[in-house]
Every structure is written in structure tokens, then in C-alpha cells.
Enquirer: 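Once you've had a glance at the structure underneath, I'll fire off some questions.
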There are 2 protein chains.
Amino acid sequence: MGINERKEREKEVLQKSILTAAREVFLEKGFDQTSIRSIAQRIEYSPTTIYLYYKDKDAILYALHTEGFQLLGSKMEVLSMVENPLERIKAMGRVYIQFAMDHPDYYDLMFVQKSPMNKLDEDHEVWQEGMSTFEGLKFSVQQCMDQGYLPFTDVEAGSYMLWSTLHGMCNLYDRGRCKVLDEEKSEQIVDLGFAEFLKMLDAFGC
Amino acid sequence: MGINERKEREKEVLQKSILTAAREVFLEKGFDQTSIRSIAQRIEYSPTTIYLYYKDKDAILYALHTEGFQLLGSKMEVLSMVENPLERIKAMGRVYIQFAMDHPDYYDLMFVQKSPMNKLDEDHEVWQEGMSTFEGLKFSVQQCMDQGYLPFTDVEAGSYMLWSTLHGMCNLYDRGRCKVLDEEKSEQIVDLGFAEFLKMLDAFGC
DNA sequence: TTGGAAACTTAACAGTGTTAAGTATATTTG
DNA sequence: CAAATATACTTAACACTGTTAAGTTTCCAA
């Protein structure tokens, strides 16, 4: 009885085309303009059909957030080649900032917006995407601590602080808080801040 | 002709009562629930009356954001007593984090939400509140650089990076991204992260 | 051919920011 | 003093939002 299997496949196709439409709207028009109705219009279905494939809007945004983590993960992957753990952390930082600048909407969804987290809370799930990525940082930080590059007391607290520095720079920039600086400087501030961050990492070990 | 003056006073009273109502709703129900209608209901006026006193919702949120900066400023004031510039920066950090924890809604409005910044863009104004506060940090960072406590290349970039570290920790915490840690630890993570931050500041100078 | 399940839509609810037009009230003018 | 005007405020509406209950169409099996 292959009919049910075909139907299953068709359902999957529509589910994926909803996600594709959501991604297109999201990347073209941004988070605020990504409405159920705008997604529905793109696939030429009624808005309510979407609810037959996704529980609610949060579920769609969660799926997009996961895509973002896959994209970030693919860019982080190559850094396992870097032998020196401190250099690896520096390279991770560079990749992280570059990702935030290249894909500000994905970044916002992954690390700022509450919507994707709501989905986790509803389903009593753990934040696998975030945990895996953070694990990657923790691993390198632990190596740095073992080899005396970073004198943290607590791996997790230290990793969290380093992550926060980069996140803070990206988020303050994205949310227009670089207006504390003059226009010319505010455009370079994330790079300039990252330069100071690197200097700090080097000095920290001694 | 005191009649016009009386009317002016009455207009000011209503403008202030709108802001008071907005503040109450904002602090009681949070950012998302702070609607023009909910504010109007509280002062027993129609929603449209509010537009006679504030250009739009962004203008109200900007006014609330300014209140937040006054509150933060009052807590920062006393730190001018601290003689040692590095100790002063550490104390500023503590106050900053405490403020973010005590008043998460104000903090979000001041440093994360785009609404108050929209108002600035519309009116072609500078972000006076942010600039003043950042100036306070820059002053102490410059002193630290002069006295060899902090080897930054660029005062502004260094100050921005330090600010970002604290902002990042507060924002990631507020937006539920501490889910990368187990529940017990995520509750203390901002304090633990700040402890590592302090350690970094001390090590950085040597 | 009929019954029923599955897929999808229509219409509606309750909410949002915002604006045009209308209504009172108070003040100024002829 | 009465008419005209300016001020203050409200009503109703527009164009959206996420979401759901109820209705319709389509498809497959008995």
C-alpha cells in the first residue's frame, strides 16, 4: 500500500515548501515582516494550512533558527584544523563575528529573539543547537586552561564570558547602540573591538 | 493672561500622566504588553488622545528609555568616589549588571529594543543618554590606559569591548541563551562570568 | 455509489499602531 | 450677547497581526 507513503511524501514536500517560503520572506523582508499570512501568500495556500504543518509561528521560527546554526556550524567546522587552542578560539571569534555581520537576521533569531526559545519551553526540550555550539567553545577553552593560555577558574563561566563579549559587540551594533560613537567609527567598531579582544586574550595568559 | 499658562500646565499634567501610565503598564506587564490602548485605558482617555501628546509609540518608549538612563546614572554617580580607575571600572561593571538584573525591562529598552532608537532617527537627534553614559566609561578606561592598567590601542574600542562583555552576559541571560548550561548553573552564570571578567581585567594589565 | 477521512479554506475573534472625520467645549471676535 | 473659531477629545475605521472553529472540497475504501 504505497498510497499512504506517497501522501506522507507529499506532506513532507508541503512542510518543506512552507519552510522555504518562510526562509525567503525572512531573509528578504526581515523578522518583523515574516508573518504567517506573508508565508502563506508565497506558497499560494491559505494561512490556516500552515497550522496543519507547524504548531504555531514559534515552531517555524525555531526551524529557521536551526538552519542558522547549521550554517554557523559549517563555518566553524574547518577550525578544528587549527592546532593551537588559543589561536583556534581567536579564529572562532572571527568566524562568529563574520557570521553575525553576514547574516544579521539569522543571528538575531539564534541568539536574541525569544520566539525560538518559546518553542523549546512548550515542548520541554533542551537547546541542542546552542549546547553543541557552546560545547565547541568550551572544548577549546578547556585546552587553553590546561596549557596555561587562559587562567579561568571555571571553564563554563570563562567560555560564557568570551562568548558574551562577541555577542555583546554584535548585538549592540545591530541594535544601533554604536551611536555612542561618531558615525565613521561606529562602522568599524566591531572590528576595532575585536582587535582589543584579541590583545586581551594574548595578555591574559601571562 | 494666565489662562493660556494654566492650559499649558494642564497639558503638561496630562502628558506626564500618560508617561506615568505608560511606565506602570511597562513595569507591570512588560514591553510586549505596553500598547497605546492599554495606556489609554489606564488614564481613562481614548487611545487617540495619546497622539495629541506624543508623536507615536516610539516617542513614549523613548521617554521611558530616558527614565532608565536617569536611574542607571544615579547608581553610577557614587562611583566617582573610587580613586583607582581600574577598581572604578570593576565597580561600574557590578552596578551595570545589578541594574540589568533589577530592571530587566528598562535595560532591554535602553540597550536592546529598536523602538527608542527609531525616535532618534526620525528627529535626527544624537543619543545623548547613551553617549553620556559611555563617556563615563571612556574616562575611566583612559585613566587606566594612562596608568598602565589596561594596554588598549584605542580608548573607544577598548571601552566598547568591555561594555559589550557585560551587555552580552546580561542579554544572553535575559534572552534565555543560558540554556546552554544546566539549570542550576545558568542561574548564577552572570555572576560567575563577571568573576572571570574581573580576573581578566587584573591579568590584562601585567 | 456511498461513507468517511483527510486536506484545505472561509470567516471570525481579539488584538495591534495609526489616522481621518466628527463632536463637544471653551474662548475670542464682531 | 450671539456668532465664529479654536481647542480638546472621541468615534470609527484601516490595515495589519496570530490563531481557531466551522465549513467545504477532494480523495480513497468499502
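The figures that follow rest on heavy atoms only: side chains count, while hydrogens, waters and symmetry mates do not. Just so we're on the same page: letters track the sequence lines, and every chain starts at 1.
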Enquirer: dT16(C) C1' sits how many Å from D32(A) CG, rounded?
Expert: 13 Å
Enquirer: Consider only side-chain N and O atoms of Q70(B) and T66(B), and report whether a donor and an acceptor are under 3.5 Å apart.
Expert: no
Enquirer: The side chain of R37(B) lies closest to which of these nucleotides: dA13(D), dT19(D), dT9(C)?
Expert: dA13(D)
Enquirer: Is the number of heavy atoms from other residues, nucleotides or ligands within 6.0 Å of CZ (R42(B)) greater than 12?
Expert: yes
Enquirer: Does the side chain of S17(A) come under 3.5 Å of the side chain of T20(A) through a donor N or O and an acceptor N or O?
Expert: no
Enquirer: Does T48(B) make a side-chain N or O approach to OP1 or OP2 of dT19(C) shorter than 4.0 Å?
Expert: no
Enquirer: Between Y53(B) and dC9(D), does any side-chain N or O lie under 4.0 Å from OP1 or OP2?
Expert: yes
Enquirer: To the nearest angstrom, how far is F31(B) atom CZ from dT16(C) atom C1'?
Expert: 12 Å
Enquirer: Touch check for Y45(A), heavy atoms < 4.0 angstrom, all strands: base, sugar-phosphate only, or nothing?
Expert: sugar-phosphate
Enquirer: Within the pair S35(B) and dG15(C), is there a side-chain N or O less than 4.0 Å away from OP1 or OP2?
Expert: no
Enquirer: Under 4.0 Å between a side-chain N/O of K11(A) and OP1 or OP2 of dA7(C), yes or no?
Expert: yes
Enquirer: For Q33(A) and dA15(D), what is the distance between atoms CD and P respectively, to the nearest whole Å?
Expert: 16 Å
Enquirer: Please identify which of these residues, Y107(B), Y106(B), W127(B), Y62(B), meets the ring-ring contact (aromatic ring centres under 6.0 Å, His included) condition with F69(B).
Expert: W127(B)
Enquirer: Whole angstroms only, please: what is the CD1-P distance between I43(A) and dA7(C)?
Expert: 15 Å
Enquirer: Between atom CD1 in I39(B) and atom C1' in dC9(D), what is the gap in whole Å?
Expert: 18 Å
Enquirer: Round to a whole Å and report the spacing from CG of L52(B) to C1' of dA21(C).
Expert: 14 Å
Enquirer: Once you round it to whole Å, what is the distance between P of dG18(D) and CG of D56(A)?
Expert: 11 Å
Enquirer: Under 4.0 Å, heavy atoms only, any strand: does I60(A) hit a base, just the sugar-phosphate, or nothing?
Expert: nothing
Enquirer: Judged by modelled atom types alone, do E122(A) and N118(A) share a side-chain donor-acceptor pair under 3.5 Å?
Expert: no
Enquirer: Find which nucleotide of DNA chain D each of T34(A) and S46(B) is nearest to by heavy atoms, and output the residue with the more 5' nucleotide.
Expert: S46(B)
Enquirer: For K57(B) and dG15(C), what is the distance between atoms NZ and C1' respectively, to the nearest whole Å?
Expert: 12 Å
